[in-house]
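What follows is a set of notes on a single structure, which appears directly below.
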Number of protein chains: 2
Amino acid sequence: MTELLQEQQTEKSELLQKAIQAKQASAVLAKSTTKQKNNALRTISTHLLEEQAYILEENSKDVEAGRQNGMSESLVDRLQLDPLRLKDMADALIQLTKLADPVGEVLEKWERPNGLTMSKIRVPLGVVGMIYEARPNVTVDASSLCLKTGNAVVLRGSSTAIHSNKAIVSVIRGALEKTDLPVESVQLLEDTSREAASHMFKLNQYLDVLIPRGGAKLIQTVVQNSTVPVLETGAGNCHIYIDETADLKMAIAIALNAKTQRPSVCNSCESILVHKAWAEKHLPQLLAALQEQQVKIHGDQEVQKLSPNVIPAVEGDWGTEYLGLEVALKTVDGIGEAIDHINTYGTKHSEAIISSNSENVDQFFMEIDAAAVYHNASTRFTDGFEFGFGAEIGISTQKLHARGPMGLPALTSTKYIVRGNGQIK
Amino acid sequence: MTELLQEQQTEKSELLQKAIQAKQASAVLAKSTTKQKNNALRTISTHLLEEQAYILEENSKDVEAGRQNGMSESLVDRLQLDPLRLKDMADALIQLTKLADPVGEVLEKWERPNGLTMSKIRVPLGVVGMIYEARPNVTVDASSLCLKTGNAVVLRGSSTAIHSNKAIVSVIRGALEKTDLPVESVQLLEDTSREAASHMFKLNQYLDVLIPRGGAKLIQTVVQNSTVPVLETGAGNCHIYIDETADLKMAIAIALNAKTQRPSVCNSCESILVHKAWAEKHLPQLLAALQEQQVKIHGDQEVQKLSPNVIPAVEGDWGTEYLGLEVALKTVDGIGEAIDHINTYGTKHSEAIISSNSENVDQFFMEIDAAAVYHNASTRFTDGFEFGFGAEIGISTQKLHARGPMGLPALTSTKYIVRGNGQIK
């Protein structure tokens, strides 16, 4: 017991010490120039490639341990690095140098009748806390996005990726030593216990924001327990609504794409709603197309009538994120029922209507409460790169600060600069 | 015990029931036109004046109870309404109709190489929870700002203002009945227990944001306990730094104004930092000017040498919000020490430098971490009206979503609208 307590004390000190170092580094980062930051990103890119053998060796320890502990192959796939993946990570750093630096941007400028001149400029957030699962690429990704936006970062990855993360962070810090940016800008918690994470949730004095990246459970744990402001990302129970006037070929192509192109991601489709009049004519074709792609269908009674291979849908299906080749399929009486259903069961992520009726499209755009609403396009486009942001920190499903795909500006705050010549109130 | 549990059940039901009603109303509000919303604000304004006698009578019950329970005169003053104050509230509603409606504003619009057209538009947040102290004017203020921005509101005021709040909300709802907006848009919790507030902190399903308005303790309770995203407002430990080259008259005028013009508010000055070279020449004049206004001075050793009436400052003084005629006064070696001190003890609210050295001003603007930084002007200007926003929900001291004085746009979120013609990924 005493040993446990002592251990917890040490754990606490590691977090506190690193958070304080990050806070101090953030003050230097905030005044670094775009040139200094881009130079650092290029240096890190070079070092990642140069230290490839070391990183891959350390990564193989995690992979081996994962396999021994019965980690699923899909998780091993996310964990495992190879020369190509490292090359992609190094390239992404170079791409990042080409994006505009949001810090210092003047968002508004105006003068008051009393002669005060006001401007609102973008500034870094300060220190970003990242809590994520066993994906070592997030270590590079989060560090580089934070550096580009002048933020220090405290990384808390999974214990199952600890060798990889330690190796990558030591390479990043080795690179930073050769630049004008403080080495202390990037901090990795080696203690991956729950206790350390819980302490991180309450570190308002040093952390300006927490960003969880991973499954719904991880994200909810952070949202439910953190007093540090959270940028919530993730969960997507996305719908495709096929309206009465939907073009047959387009509707099937979009539904298939949204469901099957990459079923494990948050912007893939989990429920298809079909207008009854469209269903009467075309539902068999839609079902055949889905079933040809091995998609299991959980259908309502109307759907069941049309196919023997349909699993009867239960209430729980409307709110399920299958994240695989399964879909819930429901017929609706019209746009009103579709909107009600989506606003009831959706996660406010991405929602699409396939329709040739512009009034219905307008109603869908107005009444659906979601980060992104689509007409005649796949929900799979909700992504910082597809939106043209050049980088993505995640897809926000909250309404404050940032909503939808988050590019670099989501990692900034603002500051009002007021110039006077003696004004008093 | 059983009775208590039953009572809690009832309390819970009141909150849940009203939150659900607010959520339903928010869907109607989100599609209300600017004309409908302004019409509602005008109707409420008229009703507040027509029902003046009723509101004042109910208010007098709170005032009487407050006095009987030993409420301080300054709190009674905040609680008490009179015909003039009601007239001001009614006028503010009319002013609000003249401000631009942020909802529907197109913030960005662009096209992607694949032909998708994207736009980012402002939308209401949904349901706003307000938790505030015994100021009935906040009841009108919060309701009207929320209605203007298409949000429903759940109000949780103080038990000491419950008669006033019930009267005001019944008048507002009576007015709404005559308009196109749902009566359920404005909800008042009659249960003012801590339990009901605690339950409100966790109502993520129905509340999109919580805004606490009141003292530091109330705000911290909400920040520390809420899983609903919070817009943190309030605490201000603001500094005036008088640099070596500061103009004598200007420095004294600004320091006096920032300290004494309204000492009880968050943007008033709590600490004055003085460059040693300036202090050597001018400190006695600054001390005399402050003491003439009955300001108690907590000074460091240098300051103590110059005046027998200075209270020796202790470490705690640098972080104290006096909110009265008291100030901490410290001499510093230069701009670096001033910045370090402010970033250590400040609350990131409003900070001013008085200087004729433009390099120092630039350094102050760059390195001070605060919502608003001033050159040669009083910190008292940090206020939505002084900034020209026409309305203010509060002054945010957090970095996410909104920072500094918050106008109507702070009560909105955004939504991406994507139009395609069959695009798939």
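What you see is a predicted model, and the numbers here were worked out from it, not measured in a lab.
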Which atoms of [X] are under 4.5 Å from chain B, going by heavy atoms: the side chain, the backbone, both sets, or neither?
X        : answer
A:Glu232 : neither
A:Val361 : side chain
A:Asp383 : side chain
A:Asp247 : neither
A:Ala30  : backbone
A:Val209 : side chain
A:Ile424 : both
A:Gln261 : side chain
A:Met366 : both

Relative to chain A, which segment of [X] carries a heavy atom at a distance below 4.5 Å: side chain, backbone, both, or neither?
X        : result
B:Val123 : side chain
B:Ile254 : both
B:Asn376 : both
B:Ala370 : backbone
B:Asn343 : neither

Return the [atom1] to [atom2] distance between [X] and [Y], rounded to the nearest 0.5 Å.
X        : Y        : atom1 : atom2 : result
B:Asn257 : A:Gln423 : CG    : CD    : 11.0 Å
B:Thr117 : A:His375 : OG1   : NE2   : 10.5 Å
B:Ser413 : A:His401 : OG    : NE2   : 11.5 Å
A:Asp208 : B:Lys399 : CG    : NZ    : 4.0 Å

Heavy-atom pairs under 4.5 Å with chain A: which of [options] has the most?
options                                : answer
B:Ala258, B:Ala372, B:Ala410           : B:Ala372
B:Met118, B:Gln398, B:Lys120, B:Lys249 : B:Met118
B:Lys348, B:Arg262, B:Lys202, B:Lys415 : B:Lys415

Please find the pair of heavy atoms, one from [X] and one from [Y], that lie closest to each other, and give the distance.
X        : Y        : answer
A:Glu386 : B:Asn114 : OE1-ND2, 4.3 Å
A:Thr414 : B:Arg403 : O-CD, 2.8 Å
A:Phe365 : B:Val418 : CZ-O, 3.7 Å
B:Gly420 : A:Ala377 : CA-CB, 4.4 Å

**Study point:** Parallel, tilted or perpendicular: rings of B:Phe389 and A:Tyr416 (30°, 60°)
**Key:** tilted

**Study point:** Most chain B-contacting option - heavy-atom pairs closer than 4.5 Å, from A:Ile417, A:Thr379, A:Leu231, A:Ile368
**Key:**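 The option with the most such pairs is A:Ile417.
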
Check your understanding: Taking B:Thr227 for the side chain and A:Gln224 for the main chain, is one N or O donor matched with an acceptor at less than 3.5 Å?
Key -> no

Point to revise | Check: A:Lys425 main-chain N/O paired with B:Arg380 side-chain donor or acceptor under 3.5 Å | key: no

**Study point:** Per-residue contacts, residues 103-113 of chain A versus chain B, heavy atoms under 4.5 Å
**Key:**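 Result: A:Trp110, A:Arg112.
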
